[in-house]
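For ligands, and for the atoms within them, numbers begin at 1 and follow the listed sequence.
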Amino acid sequence: MDAENYGLYFHFPFCLRRCRYCDFYSTERKLARIPAYVRALMREIEWTGAAGGSPCADSVFFGGGTPSLLEPGQLGRVLDRIRKSFRLDPQAEITLEANPGTVDRARLAAFRAAGVNRLSLGIQSADDGELRMLGRIHTYAEAEQACRDARRAGFANISLDLIYGLPGQTEAAWTHTLERALALGPEHLSLYALTLERGTELARAVRRGALPAPEDDAAAEMYERAEEMLAAAGYRHYEISNWARDASPAAGAESADLCVPGFPARACRHNLRYWLIRPYLGFGAGAHGCAAGKRYANIRSVEKFIDRIRTGTPRRFPLTPAASRSSAHTREDELREAMWLGLRLTEAGVSREAYRSRFGEDYCVRFRKEIDSSITDGLLEWTRNGEALRLTPRGRLLGNRVFQLFV
Ligand code: SF4
């Protein structure tokens, strides 16, 4: 992965209905503004590409929100504009997050034809009672159908999102969800422990006793259960919450060209940028970016985003008038991020040699105290060849305790 290459993230903050656990930035009220939002995105792409001198890009990620609410024609126009404004690698990974309640076979085929080559489906659970508790707009049968439709539409790279540690969820129910998800043969799985975010409906229901509080111990057991089952099914656990296959029976010819050395073939190339501290550009309301020595965030309002782009003028790369916050991203920031984000890479860990050649110093000198105490506490270990530092199985359960030492 070349540091001159950018990953492009597009935030699409529209949903049909808010899920009860979600605190991401998205709105269910402004669907009529989608065409104006897409026009603003196209302008933002054009300005950023021009300000950066048509930079190279090798991954595109449409996240949200629910970007699968876009019409395939709209998404195709956004991709065309990207190809005009950036030097987009012909083998670029192009991911679309999709809610199973918003897609059918024809739409999926049209997204595929528009250039999307990786689908991330938020199926969350195989239990309809759990899906209702979460406020999802689909049943499990619909999620399964969406996955089958995606295969028929030509997707050879499918990721499934699941959530565990739900109020009242049993280990048997979680095992059943994992079994059903594995039976769909995804190339990639992202498993997230439910966090009760303040202000969400689910957090309020737990607080007033309408739902039992999720238990940390139960969630830890579910995580370990997933580790066992996914390893047995041939998935590599490459990041704390992410598993991927090396190859897939469904893989097309394109797949081999999309991998990052040292990681499973179907690891998410775009998300690896975040953990390997590689530059990415954010587009759309609420999107974040980190490039050219700056961290920045776009304004978190659909209306203000559209307005700022409509009335503003281009700014110096990587910013556009939509950026409401920016700060320097210094070498000191990178040195620390390379540790606490790199340690999320459960298999590879943080390579001592790669760190030394990138920053010209040894992390064992700068962080000696933090590393020694984490090893003593059984949270960090050296890889078998002694070249990289990584989390132990116990450290994976207590990752935040380790990360905060390096922040
Ligand atoms: S679909 Fe995704 S972004 Fe939208 S409310 Fe649900 S979890 Fe949040």
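- Of all protein heavy atoms, the one lying nearest to atom 6 (Fe) of ligand 1 is Cys19 SG, 2.3 Å.
- Nearest protein heavy-atom neighbour of atom 3 (S) of ligand 1: Gly65 N, 3.2 Å.
- Salt-bridge check for Lys304 with Asp307: failed, with every basic side-chain N at 4.0 Å or more from each acidic carboxylate O.
- Counting the atoms of ligand 1 from 1 in the order shown, those under 4.0 Å from a heavy atom of Thr66 are 1 (S), 4 (Fe).
- At most 12 heavy atoms of other shown residues, nucleotides or ligands fall within 6.0 angstrom of atom CG in Asp216.
- A side chain to side chain donor-acceptor pair (under 3.5 Å) with Asn157 is found for one member of Glu187, Glu93, His188, Arg266 and no other, namely Arg266.
- For Glu28, the closest heavy-atom approach to ligand 1 does not fall below 4.0 Å.
- The environment of Phe24 atom CZ is sparse: at most 12 non-hydrogen atoms of other residues, nucleotides or ligands sit within 6.0 angstrom.
- The pair Arg331-Glu334 does not count as a salt bridge, with every side-chain nitrogen at least 4.0 angstrom from each carboxylate oxygen.
- At the top of the distance list for atom 7 (S) of ligand 1, counting protein heavy atoms only, stands Tyr21 OH, 3.4 Å.
- Between Arg356 and Glu361 there is no salt bridge, since none of the side-chain N atoms of the basic residue sits less than 4.0 Å from a carboxylate O of the acidic one.
- Checked options Tyr280, Phe86, Phe61, Phe317; the residue passing with Tyr6 is Phe317 (criterion: ring-ring contact (aromatic ring centres under 6.0 Å, His included)).
- For Cys22, the nearest N, O or S atom to atom 8 (Fe) of ligand 1 falls under 2.8 Å.
- The distance from ligand 1 to the heavy atoms of Arg18 drops below 4.0 Å at these ligand atoms: 5 (S).
- Each of the atoms 1 (S) of ligand 1 lies under 4.0 Å from some heavy atom of Asn99.
- With a 4.0 Å cut-off on non-hydrogen atoms, Cys15 touches ligand 1 through its side chain and not its backbone.
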